[in-house]
Amino acid sequence: MERTAPPGGTAPPAPAGPAAGGVPALLGGVPRQCCPRETAGTGARRTPEASPRGTAPGGVRPWRLLPTPAGTPFTFWYTVVLCATALIAAHADPAVVHALLQGSSTDVAHLVRTPELVLVGSALWIAGGPASPFTAGFVLVLTALERRVGGLRTAGVFLLGHVLATLATEVPVGLAVLAGNLPGSSLHRMDYGVSFGVAAACGALAGLLPLWLRVLLPAVLGGMLVRDLLAFTDPLTEWGHLIALVVGIAAWPLVRRWHAARRLPPGARQTAPQG
């Protein structure tokens with residue numbers, strides 16, 4: 001027989017059981033009941049999301065090894081300039097190319113007359129052309145460093161190694177000529193390329209890598225440079241590479257501070273000390 005409330009009365013409490021939508025109702029007056037479970041639409045087990053297309057397992061994205069206009073503008077546009085000068089060196093008239101290289105050389109004679117011009121101009125060419133190992137090193141090392149510390153700071157590390165290594169190798173040549181230990185032709189020694197800056201950037205990047213790479217990268221590069229130095233093919237250049245590598249390693253405290261500042265949230269960066 002169906003139960004009904006008497007006139008003017010209230011309906012009896014509904015019996016416990018599944019409510020609408022399959023969610024069990026709570027019992028009135030009974031304390032500490034569990035909350036209703038989520039419905040199938042909201043409580044379904046989450047499945048692992050598929051990796052983005054083109055992403056290797058572990059979140060590694062291979063394309064980040066290469067420069068992009070938005071992500072690494074300094075390295076990207078610098079690479080474009082180097083590609084343009086490499087095309088000029090490969091296809092222009094040899095006499096024109098020689099004149100351009102001679103005018104960009106950071107030899108003692110040019111450093112005395114126009115130091116700013118040749119220090120910038122010499123870094124617009126790749127000694128040895130695109131086949132040089134420093135070409136691949138330029139793209140990979142500067143891209144990795146710029147993604148960690150930013151474009152302006154990467155340019156600063158590159159320029160610091162380029163300038164200091166150039167002066168450290170050319171100033172002794174000038175002094176040796178003045179002392180009569182070298183002929184006057186040494187003042188016009190051809191010297192250009194990006195290798196000093198790449199070596200400095202490589203040394204700086206090592207300070208931001210895991211411990212085993214932090215040791216391995218400078219050790220391998222330094223060993224190659226020492227081997228070339230002992231071969232005595234171009235001792236001034238090889239000394240310059242070693243000096244630039246040491247400059248980059250000496251910049252570890254600075255690049256680590258820059259890297260830490262870039263990892264802070266945007267609001268915290270304003271209060272972080274500037275390095």
Side-chain angles (χ1 to χ4, degrees), residues 64-82 104 106 111 115-116 118-127 132-171 191-211 213-222 224-225 237-264 269 272-275:
R64 288 178 62 83
L65 298 175
L66 300 177
T68 60
T72 54
F74 168 72
T75 306
F76 180 85
W77 293 112
Y78 199 166
T79 303
V80 171
V81 171
L82 291 176
S104 303
T106 50
L111 286 172
E116 301 88 352
V118 294
L119 283 171
V120 174
S122 63
L124 301 180
W125 304 90
I126 301 177
S132 168
F134 283 100
T135 303
F138 176 90
V139 174
L140 297 176
V141 171
L142 265 71
T143 298
L145 184 60
E146 185 171 357
R147 290 195 187 279
R148 287 165 172 80
V149 303
L152 289 177
R153 290 163 175 171
T154 299
V157 171
F158 180 92
L159 188 62
L160 184 65
H162 176 70
V163 172
L164 291 183
T166 298
L167 295 178
T169 52
E170 293 297 340
V171 169
D191 188 15
Y192 64 90
V194 299
S195 58
F196 290 170
V198 173
C202 189
L205 175 63
L208 303 177
L209 298 178
L211 179 61
L213 279 175
R214 192 184 314 157
V215 175
L216 181 64
L217 184 60
V220 171
L221 181 58
M224 294 170 57
L225 297 177
T237 299
E238 301 311 329
W239 272 116
H241 290 153
L242 284 171
I243 292 170
L245 179 64
V246 172
V247 169
I249 293 173
W252 280 6
L254 195 58
V255 295
R256 286 172 177 169
R257 191 156 61 243
W258 291 341
H259 181 51
R262 280 178 62 87
R263 298 177 66 182
L264 292 174
R269 293 180 191 176
Q274 299 297 320

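Values in this document were obtained by computation on a predicted structure and should not be read as measured data.
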Of the options L66, L65, T72, which is the one that meets V139 in a side chain to side chain contact (heavy atoms under 4.5 Å, CB included)? L66
When you look at L159 and V120, which way does the side chain to side chain contact (heavy atoms under 4.5 Å, CB included) test go after all the steps? CA-CA 9 Å; L159 188 62; V120 174; 5.7 Å; no
Can you see which heavy atom on P218 is nearest to which on A206, and at what distance? CG-CB, 3.7 Å
With rounding to the nearest 0.5 angstrom, report the CZ to CZ distance, R257 to R153. 9.5 Å
When you compare the side chain of F134 with that of I126, does any pair of heavy atoms fall below 4.5 Å? no
With heavy-atom distances below 4.5 Å as the criterion, would you say the side chains of T237 and H241 are in contact? yes
Quick one: closest heavy-atom pair of A199 and A244, and the distance? CB-CB, 3.9 Å
Do R147 and T68 come within less than 4.5 Å of each other through their side chains, counting heavy atoms only? yes
Rounded distance (nearest 0.5 Å) linking atom CG of L145 with atom CG of L209: 9.5 Å
Are side-chain heavy atoms of L225 and L221 found at a separation under 4.5 Å? yes
Full working for side chain to side chain contact (heavy atoms under 4.5 Å, CB included) between W258 and V157: CA-CA 12 Å; W258 291 341; V157 171; 3.9 Å; yes
Minimum-distance pair of heavy atoms, taken over all atoms of A250 and P253: O-CD, 3.5 Å
Got S104 and L124 here, is their nearest side-chain heavy-atom distance under 4.5 Å? no
Can F74 and L152 be said to form a side chain to side chain contact (heavy atoms under 4.5 Å, CB included), step by step? CA-CA 8 Å; F74 168 72; L152 289 177; over 6 Å; no
Using a 6.0 Å cut-off, check whether atom CH2 of W239 has over 12 heavy atoms from anything other than its own residue. no
Do L217 and C202 make a side-chain contact, defined as non-hydrogen atoms from C-beta onward lying under 4.5 Å apart? yes
Euclidean distance, L167 CG relative to T106 OG1, rounded to 0.5 Å: 9.0 Å
Considering all heavy atoms, the nearest I243-A168 contact: CD1-CB, 3.6 Å
Which residue is it: T75, V141, L205? I am looking for the one with a side chain to side chain contact (heavy atoms under 4.5 Å, CB included) to E146. T75
Hey, are the side chains of M224 and V220 touching, using non-hydrogen atoms and a 4.5 Å cut-off? yes
OG1 on T166 to CG on D191, rounded to 0.5 Å: 6.0 Å
Which pair of non-hydrogen atoms, one from A165 and one from F196, has the smallest distance, and what is that distance? CB-CD1, 3.6 Å
When every non-hydrogen atom of L142 is compared with those of A201, the smallest separation belongs to CD1-CB, 3.7 Å
Measuring only between side-chain heavy atoms, which start at C-beta, is V198 closer than 4.5 Å to F158? yes
